[in-house]
Number of protein chains: 2
Amino acid sequence: MTQTPRIEFWFEFGSTYSYPAAMRIESLVEEHGVRVDWRVFLLGPIFKEIGWGDSPFNLYPAKGRYMWRDLERVCNVHGIPFSRPSAFPRNGLLASRIACRYSDEPWLPQFVKSVYTANFARDLEIAATETIKACLAGCVTDPGKIIEDAQSPPSKKALRARTEEARDRGIFGAPTFFLGGEMYWGNDRLETALNSVANA
Amino acid sequence: MTQTPRIEFWFEFGSTYSYPAAMRIESLVEEHGVRVDWRVFLLGPIFKEIGWGDSPFNLYPAKGRYMWRDLERVCNVHGIPFSRPSAFPRNGLLASRIACRYSDEPWLPQFVKSVYTANFARDLEIAATETIKACLAGCVTDPGKIIEDAQSPPSKKALRARTEEARDRGIFGAPTFFLGGEMYWGNDRLETALNSVANA
């Protein structure tokens with residue numbers, strides 16, 4: 001019996017190119033007969049360790065200007081709504097604690113996409129509890145309880161451990177994928193990763 | 001009468017992802033009915049201005065480790081020979097002065113590919129005049145004269161001006177392409193750029 005191959009999808013809520021990856025991954029994996037493990041993490045602590053106190057897209061303005069135009073083109077090609085956020089990067093800590101604590105819940109993908117859409121299509125402040133509560137509303141019956149649980153000490157600890165795992169496995173940006181013992185970085189490597197299954 | 005669309009291909013001899021772009025661009029543009037303007041430049045001065053004294057792939061080791069594996073995979077997919085160079089990045093100053101001074105010569109693409117192959121497939125020191133002479137040997141009758149001309153004050157000045165133009169146009173990495181008023185960064189945006197012609 002062959003096991004269904006799994007792709008690990010490591011994403012960060014502030015990461016621009018994680019947005020199209022999150023919106024695309026479900027239909028792509030279905031085409032390829034692959035299952036997704038959704039793995040949220042924080043890039044901030046990883047960037048800090050290499051000496052960056054902000055997103056490289058803010059630290060290096062030429063790269064940032066290009067990224068916004070490129071992201072707009074990428075979203076256009078895939079029919080994904082996009083509107084440049086008025087604040088960048090937004091703080092996704094609360095959303096990340098939820099997505100880490102409830103990694104394997106069936107409603108998780110819907111919540112993740114809802115947070116990304118809030119940030120990158122609706123220009124909403126995802127650091128605000130009210131925004132996250134609204135994102136949860138379509139997913140669970142008691143958003144308030146989920147938010148409370150996600151801020152408990154074990155939930156905070158779990159996200160710190162997740163972020164340490166990301167760093168230890170060589171992750172330096174998002175989105176990052178693992179499949180078949182290989183690491184792939186960037187939204188435009190999602191197809192590359194999945195094609196490796198067909199070619200294996 | 002419709003003019004043949006042109007793509008500007010900005011490359012740097014030390015840049016790893018410029019290598020597969022240089023090896024692929026001629027057949028791709030032929031398929032799309034586009035002509036190439038080969039535009040060598042130096043990344044070093046641009047990196048220095050943003051505070052990098054070395055390649056980001058050396059400054060950020062996790063990123064560097066990933067890049068070497070990714071580049072190997074990219075070259076494999078396209079059937080491009082690849083062997084990780086024992087020195088990185090190599091100094092492409094002499095090769096760049098030649099490629100700038102002789103930008104529009106019919107032998108230029110052959111020379112550029114020969115230098116990239118020397119660096120990224122044959123692990124040869126492209127800073128050595130002998131290597132560059134050998135690369136020129138298949139292209140021109142008098143490599144010695146080309147090398148001499150390329151080191152004249154006007155040739156040096158032309159490369160400095162070219163690099164300033166790159167920076168002024170917002171280039172922050174290589175390869176970079178311009179087509180139809182849009183900028184595209186990275187080997188994997190070459191198809192995106194060319195497809196924009198078909199969709200125009």
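The structure displayed is predicted, hence computed values, not measured ones. Numbers restart at 1 for each chain; the letters A, B, ... are given by sequence-line order, proteins then strands.
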Q. Is the count of non-hydrogen atoms from other residues, nucleotides or ligands lying under 6.0 Å from B:Glu148 atom CD greater than 12?
A. no
Q: Look at the rings of B:Phe172 and A:Tyr66 and say which category their plane angle falls in: under 30° parallel, 30 to 60° tilted, over 60° perpendicular.
A: tilted
Q) Around atom CZ of B:Arg35, are there more than 12 heavy atoms of other residues, nucleotides or ligands at under 6.0 Å? A) no
Q) When you look at CH2 of B:Trp38, are more than 12 heavy atoms from neighbouring residues, nucleotides or ligands closer to it than 6.0 Å? A) yes
Q: Sort B:Arg167 into side chain, backbone, both or neither according to what part of it lies under 4.5 angstrom from a heavy atom of chain A.
A: neither
(Q) Please rank B:Arg65, B:Glu182, B:Arg69, B:Arg73 by heavy-atom pairs under 4.5 Å with chain A and give me the top one. (A) B:Arg73
Q: Provide the closest heavy-atom pair for A:Gly170 versus B:Ala62 in the form atom of the first, atom of the second, distance.
A: O-CB, 3.9 Å
Q. Take atom CD in B:Glu30; do more than 12 heavy atoms of anything else shown fall under 6.0 Å from it?
A. no
**Q.** Which of B:Ile171, B:Ile50, B:Val77 touches chain A most, by non-hydrogen pairs under 4.5 Å
**A.** B:Ile50
Q) More than 12 foreign heavy atoms under 6.0 Å from CZ of B:Arg122: is that the case here? A) no
